[in-house]
Amino acid sequence: QVQLVESGGGLVQAGGSLRLSCAASGRTFSLYAMGWFRQAPGKERESVAAINRSGVGTYYAGSVKGRFTISRDNAKKTVYLQMNSLKPEDTAVYYCAAHISSSNDNYYTGSDEYDYWGQGTQVAVSS
């Protein structure tokens with residue numbers, strides 16, 4: 001069992017930046033591939049970024065590529081999402097998720113592939 005707690009959300013003007021953190025507790029963090037998802041009102045949850053166990057392999061949704069950066073610190077059991085050049089359409093609740101992975105290389109983009117979820121943190125971008 002692993003518990004995930006997100007932080008760092010808030011209200012920011014368009015063009016601004018936020019850094020989300022997701023702190024994990026419980027089992028060995030380095031065994032998990034991690035992902036960030038978001039869900040806007042009236043929309044389905046979507047994958048934003050993902051990272052493999054080693055932190056070398058990453059994925060970004062097309063809508064955030066070049067603006068967001070996912071990273072992890074296995075010693076601190078934390079995954080981050082640096083969000084720059086924020087747009088109003090980035091407004092959503094952001095969730096981190098963990099997938100028990102047997103591979104150092106794989107990352108995962110489907111929400112049904114993840115085993116554990118945080119409670120979410122709200123990001124609001126004003127125009």
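This structure is a prediction, so every number in the text was calculated from the model and none was measured. By convention here, the first residue in the shown sequence is residue 1.
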Taking the six-membered ring of Y32, is the NZ or CZ of R53 close enough (under 6.0 Å from the centre) and on axis enough (within 45°)?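 Because its charged atom misses either the 6.0 Å distance or the 45° angle limit, R53 does not stack over Y32.
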Summary of salt bridge (Lys or Arg N to Asp or Glu O under 4.0 Å) pairs that have at least one residue in residues 83-105, sequence neighbours excluded: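 Passing the test, one end in residues 83-105: R38-D90, R67-D90.
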Taking every non-hydrogen atom, the tightest pair across [X] and [Y]:
| X | Y | answer |
| --- | --- | --- |
| S30 | R72 | CA-NH2, 4.1 Å |
| A14 | S127 | CB-CA, 4.3 Å |
| V123 | G9 | CG2-CA, 4.2 Å |
| Q1 | Y116 | CA-OH, 3.6 Å |

Is the shortest heavy-atom distance from the side chain of [X] to the side chain of [Y] under 4.5 Å?
| X | Y | answer |
| --- | --- | --- |
| V93 | T121 | no |
| Q39 | E46 | no |
| S47 | Y59 | yes |
| F29 | T78 | no |

For the pair [X] (side chain) and [Y] (backbone), establish whether a donor and an acceptor sit closer than 3.5 Å, ignoring hydrogens and angles.
| X | Y | value |
| --- | --- | --- |
| D73 | K76 | yes |
| T91 | V125 | yes |
| S103 | N106 | yes |
| H99 | E113 | yes |
| N52 | Y107 | no |

Sole residue of L81, I70, L20 in side-chain contact (heavy atoms from CB on, under 4.5 Å) with V48: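 It is L81; the other options fail the test.
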Report whether I51 and Y95 are members of the same hydrophobic cluster (ILVMFWY, side-chain heavy atoms less than 4.5 Å apart, transitive linking).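 No; tracing contacts between hydrophobic side chains, which count when under 4.5 Å, never links both residues.
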For the hydrophobic clusters of this structure (ILVMFWY residues joined by side-chain heavy atoms under 4.5 Å, transitively), does one cluster hold both Y114 and V2?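 Each belongs to a different hydrophobic cluster.
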Going by distance alone, is a donor N or O of one side chain under 3.5 Å from an acceptor N or O of the other, for S17 and N84?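 Per modelled atom types, S17 and N84 side chains form a pair under 3.5 Å.
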If we ignore angles and hydrogens, is there a donor and acceptor under 3.5 Å between the side chains of Q3 and S25?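 Yes, S25 and Q3 have a side-chain donor paired with an acceptor closer than 3.5 Å.
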Between [atom1] of [X] and [atom2] of [Y], what distance do you get to the nearest 0.5 Å?
| X | Y | atom1 | atom2 | result |
| --- | --- | --- | --- | --- |
| L31 | S101 | CG | OG | 9.0 Å |
| R45 | S111 | CZ | OG | 7.0 Å |
| M34 | T58 | CE | OG1 | 14.5 Å |
| E6 | C96 | CD | SG | 4.0 Å |
| L86 | F68 | CG | CZ | 5.0 Å |
| Y108 | I100 | OH | CD1 | 11.0 Å |

Would you say the ring centers of F37 and W117 fall short of 6.0 Å from each other?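 They qualify: ring centres under 6.0 Å apart.
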With side chain to side chain contact (heavy atoms under 4.5 Å, CB included) as the criterion, how do Y94 and Q122 come out once you've worked through the C-alpha distance, each side chain's angles and the decisive distance to 0.1 Å? CA-CA 6 Å; Y94 283 71; Q122 176 72 54; over 6 Å; no
